[in-house]
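Order of the sequence lines sets the chain letters (A, B, ...), proteins ahead of strands, with each chain counted from 1.
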Amino acid sequence: MILVLTLAMVLATAAPALAKERDVNIDLRSSKTAAVTAGDTAWVAIDWLAKGGDAEDFAVEAEVGNGVGVWYPYKSTDTSGSPETFTSLMGDSTLSESEVDFTAIRLDVPYDVPKNIDLILTVTYKSNGETHREVFKAKVPVAYYDGQDLQQVTADVGPIPAGVETWVSVDYKGFAPRLDDVSVTATGGSELTIVYPSKGTEDNPIPGTFTSLRRDSTLDDNETDDVAFRVAASEPGTYVLSLEVTYAKDGAQSSMTGSVTVTVAGAPPG
Amino acid sequence: MRNRIIATTLVAVFAGSACGPTFDADLMVSLEARWMCDVQRSVYDEVTDIDAALNDRLVGNGVSAETYSDFKSALIDDLALRERVLAEYDAYCDG
(Lines give C-alpha, C1' and ligand atoms only; values in the text may rest on other atoms or scores of the structure.)
Protein backbone atom coordinates (compact mmCIF):
# COMPACT_ATOMS: atom_id res chain seq x y z
CA MET A 1 0.00 0.00 0.00
CA ILE A 2 2.79 2.42 0.98
CA LEU A 3 4.64 1.56 -2.21
CA VAL A 4 1.58 2.34 -4.32
CA LEU A 5 1.06 5.69 -2.58
CA THR A 6 4.71 6.63 -2.96
CA LEU A 7 4.60 5.73 -6.63
CA ALA A 8 1.47 7.83 -7.12
CA MET A 9 3.11 10.81 -5.41
CA VAL A 10 6.24 10.49 -7.55
CA LEU A 11 4.17 10.34 -10.72
CA ALA A 12 2.04 13.32 -9.64
CA THR A 13 5.16 15.36 -8.95
CA ALA A 14 6.78 14.38 -12.21
CA ALA A 15 3.69 14.92 -14.36
CA PRO A 16 4.06 18.70 -14.85
CA ALA A 17 7.68 18.32 -15.82
CA LEU A 18 6.86 15.59 -18.30
CA ALA A 19 3.93 17.47 -19.83
CA LYS A 20 4.63 19.26 -23.07
CA GLU A 21 4.95 23.02 -22.53
CA ARG A 22 2.09 24.72 -24.29
CA ASP A 23 2.48 27.55 -26.73
CA VAL A 24 1.08 30.93 -25.75
CA ASN A 25 -1.10 32.69 -28.26
CA ILE A 26 -1.58 36.45 -28.00
CA ASP A 27 -4.85 37.82 -29.27
CA LEU A 28 -5.42 41.46 -30.19
CA ARG A 29 -9.04 41.86 -29.16
CA SER A 30 -10.10 44.62 -31.52
CA SER A 31 -8.97 45.43 -35.03
CA LYS A 32 -9.55 49.13 -34.45
CA THR A 33 -9.06 51.63 -31.65
CA ALA A 34 -11.42 54.35 -30.51
CA ALA A 35 -11.69 57.20 -33.01
CA VAL A 36 -9.26 60.10 -32.64
CA THR A 37 -9.82 63.60 -33.95
CA ALA A 38 -7.52 64.99 -36.65
CA GLY A 39 -5.26 67.62 -35.11
CA ASP A 40 -5.74 66.22 -31.62
CA THR A 41 -3.61 64.33 -29.12
CA ALA A 42 -5.26 61.38 -27.42
CA TRP A 43 -4.50 58.26 -25.41
CA VAL A 44 -6.07 55.07 -26.70
CA ALA A 45 -6.33 51.69 -24.97
CA ILE A 46 -5.72 48.39 -26.74
CA ASP A 47 -6.98 45.09 -25.29
CA TRP A 48 -4.93 41.89 -25.31
CA LEU A 49 -5.68 38.29 -24.35
CA ALA A 50 -3.25 35.43 -23.68
CA LYS A 51 -4.36 31.91 -24.51
CA GLY A 52 -2.63 28.67 -23.61
CA GLY A 53 -0.25 30.09 -21.02
CA ASP A 54 1.28 33.17 -19.45
CA ALA A 55 3.10 35.87 -21.43
CA GLU A 56 5.71 37.52 -19.22
CA ASP A 57 7.55 40.82 -19.75
CA PHE A 58 4.77 41.82 -22.10
CA ALA A 59 5.73 44.91 -24.09
CA VAL A 60 4.22 46.67 -27.08
CA GLU A 61 5.86 49.07 -29.52
CA ALA A 62 3.63 50.98 -31.89
CA GLU A 63 4.40 52.25 -35.35
CA VAL A 64 2.12 54.64 -37.15
CA GLY A 65 2.41 56.35 -40.50
CA ASN A 66 0.90 59.58 -41.81
CA GLY A 67 3.01 61.75 -39.52
CA VAL A 68 1.26 60.52 -36.39
CA GLY A 69 3.45 60.72 -33.28
CA VAL A 70 3.48 57.90 -30.73
CA TRP A 71 4.13 58.32 -27.03
CA TYR A 72 4.15 55.77 -24.25
CA PRO A 73 3.37 56.21 -20.56
CA TYR A 74 6.04 57.94 -18.55
CA LYS A 75 8.60 55.93 -16.64
CA SER A 76 7.44 55.54 -13.08
CA THR A 77 11.02 55.22 -11.87
CA ASP A 78 12.47 58.10 -13.87
CA THR A 79 12.41 61.43 -12.06
CA SER A 80 13.34 63.24 -15.26
CA GLY A 81 9.88 62.37 -16.57
CA SER A 82 11.01 60.87 -19.85
CA PRO A 83 8.59 58.45 -21.50
CA GLU A 84 9.19 54.74 -21.96
CA THR A 85 10.17 53.38 -25.34
CA PHE A 86 7.38 50.81 -25.13
CA THR A 87 4.13 50.30 -23.30
CA SER A 88 3.14 47.40 -21.07
CA LEU A 89 -0.08 46.37 -19.40
CA MET A 90 -2.30 48.16 -16.94
CA GLY A 91 -2.09 45.50 -14.24
CA ASP A 92 1.50 44.32 -14.44
CA SER A 93 3.94 43.10 -17.08
CA THR A 94 2.49 39.57 -17.25
CA LEU A 95 -0.52 38.69 -19.36
CA SER A 96 -1.69 35.55 -17.63
CA GLU A 97 -3.55 32.76 -19.38
CA SER A 98 -7.14 33.85 -20.17
CA GLU A 99 -6.47 37.33 -18.82
CA VAL A 100 -7.66 40.42 -20.66
CA ASP A 101 -5.60 43.55 -20.05
CA PHE A 102 -4.80 46.65 -22.06
CA THR A 103 -1.90 48.79 -23.14
CA ALA A 104 -2.13 52.57 -23.54
CA ILE A 105 -0.45 54.69 -26.19
CA ARG A 106 -0.71 58.37 -27.00
CA LEU A 107 -1.24 59.42 -30.58
CA ASP A 108 -0.37 62.93 -31.79
CA VAL A 109 -2.52 63.21 -34.89
CA PRO A 110 -1.89 65.92 -37.48
CA TYR A 111 -4.83 67.64 -39.12
CA ASP A 112 -4.04 66.25 -42.53
CA VAL A 113 -4.55 62.50 -42.14
CA PRO A 114 -6.78 59.94 -43.90
CA LYS A 115 -9.90 58.66 -42.17
CA ASN A 116 -8.20 55.40 -41.19
CA ILE A 117 -4.62 55.24 -39.96
CA ASP A 118 -2.66 51.99 -39.94
CA LEU A 119 -1.30 51.03 -36.54
CA ILE A 120 1.40 48.35 -36.39
CA LEU A 121 1.88 46.83 -32.95
CA THR A 122 4.95 44.75 -32.23
CA VAL A 123 4.48 42.61 -29.13
CA THR A 124 7.36 40.93 -27.33
CA TYR A 125 6.93 38.59 -24.38
CA LYS A 126 8.54 35.63 -22.70
CA SER A 127 7.00 32.22 -22.25
CA ASN A 128 8.58 28.90 -21.42
CA GLY A 129 11.90 30.70 -21.10
CA GLU A 130 11.89 31.98 -24.64
CA THR A 131 11.35 35.46 -26.01
CA HIS A 132 8.64 35.76 -28.62
CA ARG A 133 7.81 38.56 -31.02
CA GLU A 134 4.56 39.01 -32.89
CA VAL A 135 3.31 41.79 -35.13
CA PHE A 136 -0.33 42.87 -35.18
CA LYS A 137 -2.17 45.39 -37.30
CA ALA A 138 -5.04 47.63 -36.29
CA LYS A 139 -6.78 50.70 -37.60
CA VAL A 140 -7.18 54.07 -35.95
CA PRO A 141 -10.41 55.71 -37.17
CA VAL A 142 -10.15 59.47 -37.57
CA ALA A 143 -12.90 62.01 -36.98
CA TYR A 144 -12.67 65.53 -38.34
CA TYR A 145 -13.61 68.58 -36.30
CA ASP A 146 -15.72 71.07 -38.21
CA GLY A 147 -16.89 73.77 -35.83
CA GLN A 148 -15.95 77.00 -34.14
CA ASP A 149 -12.23 77.20 -33.42
CA LEU A 150 -12.31 79.16 -30.18
CA GLN A 151 -14.38 81.52 -28.10
CA GLN A 152 -13.58 84.69 -26.19
CA VAL A 153 -14.83 84.06 -22.66
CA THR A 154 -14.20 87.42 -20.97
CA ALA A 155 -16.51 90.27 -22.01
CA ASP A 156 -15.79 92.84 -19.27
CA VAL A 157 -12.75 93.79 -17.20
CA GLY A 158 -12.30 96.26 -14.39
CA PRO A 159 -12.93 98.51 -12.74
CA ILE A 160 -9.34 99.67 -12.97
CA PRO A 161 -8.02 102.93 -11.53
CA ALA A 162 -7.68 105.94 -13.84
CA GLY A 163 -4.23 107.17 -14.72
CA VAL A 164 -2.43 103.91 -13.84
CA GLU A 165 -1.24 101.18 -16.19
CA THR A 166 -3.14 98.14 -14.91
CA TRP A 167 -2.97 94.51 -15.98
CA VAL A 168 -6.16 93.07 -17.41
CA SER A 169 -6.66 89.56 -18.74
CA VAL A 170 -9.03 88.06 -21.28
CA ASP A 171 -9.87 84.33 -21.31
CA TYR A 172 -10.18 82.26 -24.46
CA LYS A 173 -11.53 78.73 -24.70
CA GLY A 174 -10.46 76.39 -27.46
CA PHE A 175 -12.82 74.10 -29.33
CA ALA A 176 -10.72 72.97 -32.28
CA PRO A 177 -8.29 70.14 -31.49
CA ARG A 178 -5.22 72.37 -31.57
CA LEU A 179 -4.51 76.02 -32.33
CA ASP A 180 -0.87 77.12 -32.45
CA ASP A 181 0.88 80.48 -32.12
CA VAL A 182 -2.15 82.10 -30.51
CA SER A 183 -1.67 85.84 -30.03
CA VAL A 184 -3.92 88.82 -29.41
CA THR A 185 -3.75 92.51 -30.27
CA ALA A 186 -5.94 95.11 -28.63
CA THR A 187 -6.97 98.42 -30.14
CA GLY A 188 -8.53 101.26 -28.19
CA GLY A 189 -9.28 104.90 -28.86
CA SER A 190 -6.85 107.74 -28.31
CA GLU A 191 -7.96 107.88 -24.67
CA LEU A 192 -6.45 104.48 -23.92
CA THR A 193 -2.86 103.35 -23.67
CA ILE A 194 -2.19 99.66 -24.26
CA VAL A 195 1.10 98.07 -23.21
CA TYR A 196 1.96 94.48 -24.07
CA PRO A 197 4.06 92.25 -21.78
CA SER A 198 7.24 92.18 -23.86
CA LYS A 199 9.60 95.09 -23.34
CA GLY A 200 12.14 93.69 -25.76
CA THR A 201 15.69 92.90 -24.75
CA GLU A 202 18.34 95.08 -23.19
CA ASP A 203 20.12 95.29 -26.55
CA ASN A 204 16.92 95.74 -28.49
CA PRO A 205 14.35 97.40 -26.22
CA ILE A 206 11.45 97.36 -28.63
CA PRO A 207 8.13 96.89 -26.84
CA GLY A 208 5.86 94.05 -27.90
CA THR A 209 3.05 94.51 -30.35
CA PHE A 210 0.92 91.61 -29.19
CA THR A 211 0.25 89.40 -26.18
CA SER A 212 0.31 85.61 -25.98
CA LEU A 213 -1.41 82.97 -23.92
CA ARG A 214 -0.21 82.63 -20.35
CA ARG A 215 0.45 78.86 -20.27
CA ASP A 216 1.94 78.37 -23.71
CA SER A 217 1.25 79.46 -27.26
CA THR A 218 -1.10 76.55 -27.99
CA LEU A 219 -4.82 76.34 -27.24
CA ASP A 220 -6.18 72.78 -27.19
CA ASP A 221 -9.78 71.66 -27.30
CA ASN A 222 -11.60 72.37 -24.04
CA GLU A 223 -8.61 74.32 -22.75
CA THR A 224 -9.14 77.80 -21.35
CA ASP A 225 -6.16 80.13 -21.15
CA ASP A 226 -5.82 83.87 -20.90
CA VAL A 227 -3.88 86.72 -22.44
CA ALA A 228 -2.85 89.77 -20.41
CA PHE A 229 -1.84 93.31 -21.20
CA ARG A 230 -1.79 96.63 -19.40
CA VAL A 231 -4.34 99.35 -19.97
CA ALA A 232 -4.29 102.98 -18.85
CA ALA A 233 -6.90 105.72 -19.23
CA SER A 234 -6.60 109.19 -17.78
CA GLU A 235 -10.34 109.67 -17.33
CA PRO A 236 -12.90 107.42 -15.62
CA GLY A 237 -15.47 105.86 -17.93
CA THR A 238 -16.36 102.81 -19.97
CA TYR A 239 -14.19 101.96 -22.94
CA VAL A 240 -14.50 99.28 -25.60
CA LEU A 241 -11.31 97.62 -26.80
CA SER A 242 -11.24 95.80 -30.10
CA LEU A 243 -9.44 92.47 -29.92
CA GLU A 244 -8.04 90.38 -32.71
CA VAL A 245 -6.85 86.87 -31.93
CA THR A 246 -4.67 85.23 -34.57
CA TYR A 247 -3.63 81.58 -34.64
CA ALA A 248 -2.40 78.80 -36.87
CA LYS A 249 -4.65 75.83 -37.53
CA ASP A 250 -3.43 73.00 -39.69
CA GLY A 251 -0.58 75.29 -40.73
CA ALA A 252 -2.90 78.01 -42.05
CA GLN A 253 -3.30 81.40 -40.38
CA SER A 254 -6.74 82.36 -39.09
CA SER A 255 -8.10 85.14 -36.96
CA MET A 256 -11.16 86.13 -35.00
CA THR A 257 -12.20 89.56 -33.82
CA GLY A 258 -13.97 90.50 -30.62
CA SER A 259 -14.13 93.21 -28.02
CA VAL A 260 -13.86 93.69 -24.30
CA THR A 261 -15.38 96.46 -22.21
CA VAL A 262 -12.99 98.16 -19.77
CA THR A 263 -14.43 100.07 -16.83
CA VAL A 264 -12.14 102.78 -15.50
CA ALA A 265 -12.96 104.15 -12.06
CA GLY A 266 -11.65 107.27 -10.40
CA ALA A 267 -7.95 107.71 -9.79
CA PRO A 268 -6.61 105.96 -6.69
CA PRO A 269 -6.32 108.18 -3.62
CA GLY A 270 -3.02 109.86 -3.02
CA MET B 1 -16.02 14.04 19.67
CA ARG B 2 -18.95 16.29 18.70
CA ASN B 3 -17.26 19.28 20.39
CA ARG B 4 -14.08 18.53 18.52
CA ILE B 5 -15.92 18.60 15.18
CA ILE B 6 -17.57 21.94 16.07
CA ALA B 7 -14.22 23.41 17.12
CA THR B 8 -12.57 22.21 13.93
CA THR B 9 -15.39 23.67 11.87
CA LEU B 10 -15.13 27.02 13.65
CA VAL B 11 -11.38 27.13 13.08
CA ALA B 12 -11.93 26.37 9.42
CA VAL B 13 -14.57 29.09 9.12
CA PHE B 14 -12.35 31.69 10.77
CA ALA B 15 -9.37 30.64 8.70
CA GLY B 16 -11.47 30.82 5.58
CA SER B 17 -12.78 34.27 6.40
CA ALA B 18 -9.27 35.51 7.09
CA CYS B 19 -7.69 34.23 3.89
CA GLY B 20 -10.57 34.08 1.43
CA PRO B 21 -11.57 36.72 -1.08
CA THR B 22 -12.66 40.03 0.38
CA PHE B 23 -14.83 40.97 -2.57
CA ASP B 24 -18.11 40.13 -4.20
CA ALA B 25 -16.85 37.95 -7.04
CA ASP B 26 -19.95 38.32 -9.22
CA LEU B 27 -19.83 42.10 -8.99
CA MET B 28 -16.09 42.31 -9.57
CA VAL B 29 -16.16 39.93 -12.55
CA SER B 30 -18.90 42.01 -14.14
CA LEU B 31 -17.17 45.28 -13.37
CA GLU B 32 -13.78 44.11 -14.66
CA ALA B 33 -15.21 42.64 -17.87
CA ARG B 34 -17.12 45.82 -18.71
CA TRP B 35 -14.19 48.07 -17.80
CA MET B 36 -11.76 46.13 -19.99
CA CYS B 37 -14.17 46.38 -22.91
CA ASP B 38 -15.24 49.99 -22.44
CA VAL B 39 -11.77 51.37 -21.83
CA GLN B 40 -10.84 50.77 -25.47
CA ARG B 41 -13.99 52.52 -26.72
CA SER B 42 -12.92 55.95 -25.48
CA VAL B 43 -9.96 58.27 -25.96
CA TYR B 44 -8.35 60.13 -23.09
CA ASP B 45 -6.64 63.53 -22.93
CA GLU B 46 -4.16 62.36 -20.33
CA VAL B 47 -3.04 58.88 -19.34
CA THR B 48 -4.18 59.65 -15.79
CA ASP B 49 -7.70 60.10 -17.16
CA ILE B 50 -7.77 56.31 -17.68
CA ASP B 51 -7.21 55.75 -13.97
CA ALA B 52 -9.82 58.41 -13.22
CA ALA B 53 -12.35 56.66 -15.45
CA LEU B 54 -11.74 53.39 -13.62
CA ASN B 55 -12.03 55.12 -10.27
CA ASP B 56 -15.36 56.64 -11.31
CA ARG B 57 -16.65 53.14 -12.06
CA LEU B 58 -15.43 51.78 -8.76
CA VAL B 59 -17.04 54.62 -6.84
CA GLY B 60 -20.24 54.26 -8.85
CA ASN B 61 -20.42 50.61 -7.91
CA GLY B 62 -19.51 51.15 -4.27
CA VAL B 63 -16.18 49.39 -4.67
CA SER B 64 -13.10 50.71 -2.90
CA ALA B 65 -9.67 50.85 -4.49
CA GLU B 66 -8.49 48.32 -1.91
CA THR B 67 -11.20 45.86 -2.88
CA TYR B 68 -10.33 46.24 -6.55
CA SER B 69 -6.69 45.71 -5.71
CA ASP B 70 -7.61 42.52 -3.82
CA PHE B 71 -9.57 41.33 -6.83
CA LYS B 72 -6.69 42.04 -9.23
CA SER B 73 -4.33 40.18 -6.91
CA ALA B 74 -6.71 37.22 -6.82
CA LEU B 75 -6.85 37.18 -10.61
CA ILE B 76 -3.12 36.53 -10.81
CA ASP B 77 -3.40 33.10 -9.20
CA ASP B 78 -6.93 32.14 -10.16
CA LEU B 79 -7.38 30.88 -13.72
CA ALA B 80 -11.05 30.10 -13.12
CA LEU B 81 -11.68 33.69 -12.05
CA ARG B 82 -9.89 35.01 -15.17
CA GLU B 83 -11.98 32.71 -17.34
CA ARG B 84 -15.14 34.06 -15.72
CA VAL B 85 -14.03 37.61 -16.57
CA LEU B 86 -13.19 36.53 -20.11
CA ALA B 87 -16.58 34.88 -20.64
CA GLU B 88 -18.35 38.01 -19.40
CA TYR B 89 -16.06 40.19 -21.50
CA ASP B 90 -16.84 38.19 -24.63
CA ALA B 91 -20.58 38.30 -23.97
CA TYR B 92 -20.55 42.04 -23.29
CA CYS B 93 -17.98 43.21 -25.81
CA ASP B 94 -18.77 40.97 -28.76
CA GLY B 95 -22.46 40.64 -28.09
Undergrad: In terms of heavy-atom proximity below 4.5 Å to chain B, should A:Leu49 be classed as side chain, backbone, both, or neither?
TA: side chain
Undergrad: Any salt bridge between A:Asp118 and A:Lys137, counting N to O under 4.0 Å?
TA: no
Undergrad: Starting at CG of A:Asp40, measure out to CG of A:Asp220 and round the result to the nearest 0.5 Å.
TA: 7.0 Å
Undergrad: Got a second to check how far A:Leu119's CG is from A:Ile105's CD1, nearest 0.5 Å?
TA: 5.0 Å
Undergrad: Would you mind checking if A:Asp108 and A:Arg106 are paired as a salt bridge, meaning a charged N to carboxylate O distance below 4.0 Å?
TA: yes
Undergrad: Given side chains that start at C-beta, do those of A:Val70 and A:Tyr72 come closer than 4.5 Å, heavy atoms only?
TA: yes
Undergrad: Side chains of residues 170-178 of chain A: which donor-acceptor partners sit under 3.5 Å, not counting sequence neighbours?
TA:
{"from": "A:Arg178", "atom 1": "NE", "to": "A:Asp180", "atom 2": "OD1", "distance (Å)": "2.9"}
{"from": "A:Arg178", "atom 1": "NE", "to": "A:Asp180", "atom 2": "OD2", "distance (Å)": "3.3"}
{"from": "A:Arg178", "atom 1": "NH2", "to": "A:Asp180", "atom 2": "OD1", "distance (Å)": "3.1"}

Undergrad: Between B:Val39 and chain A, with a heavy-atom cut-off of 4.5 Å, which part of the residue counts as in contact: side chain, backbone, both or neither?
TA: both
Undergrad: Can you tell me how far the CZ atom of B:Arg82 sits from the CD atom of A:Glu99, to the nearest 0.5 Å?
TA: 6.5 Å
Undergrad: Could you check if a side-chain atom of B:Asp38 sits within less than 4.5 angstrom of a side-chain atom of B:Tyr92, using non-hydrogen atoms only?
TA: yes
Undergrad: With a 4.5 angstrom heavy-atom cut-off, is it the side chain or the backbone of A:Asp92 that approaches chain B, or both, or neither?
TA: side chain
Undergrad: For chain B, find which of A:Val44, A:Val100, A:Asp47 contributes the most heavy-atom pairs closer than 4.5 angstrom.
TA: A:Asp47
Undergrad: Which of residues 48-62 of chain B get closer than 4.5 angstrom to chain A, counting heavy atoms alone?
TA: B:Ile50, B:Asp51, B:Leu54
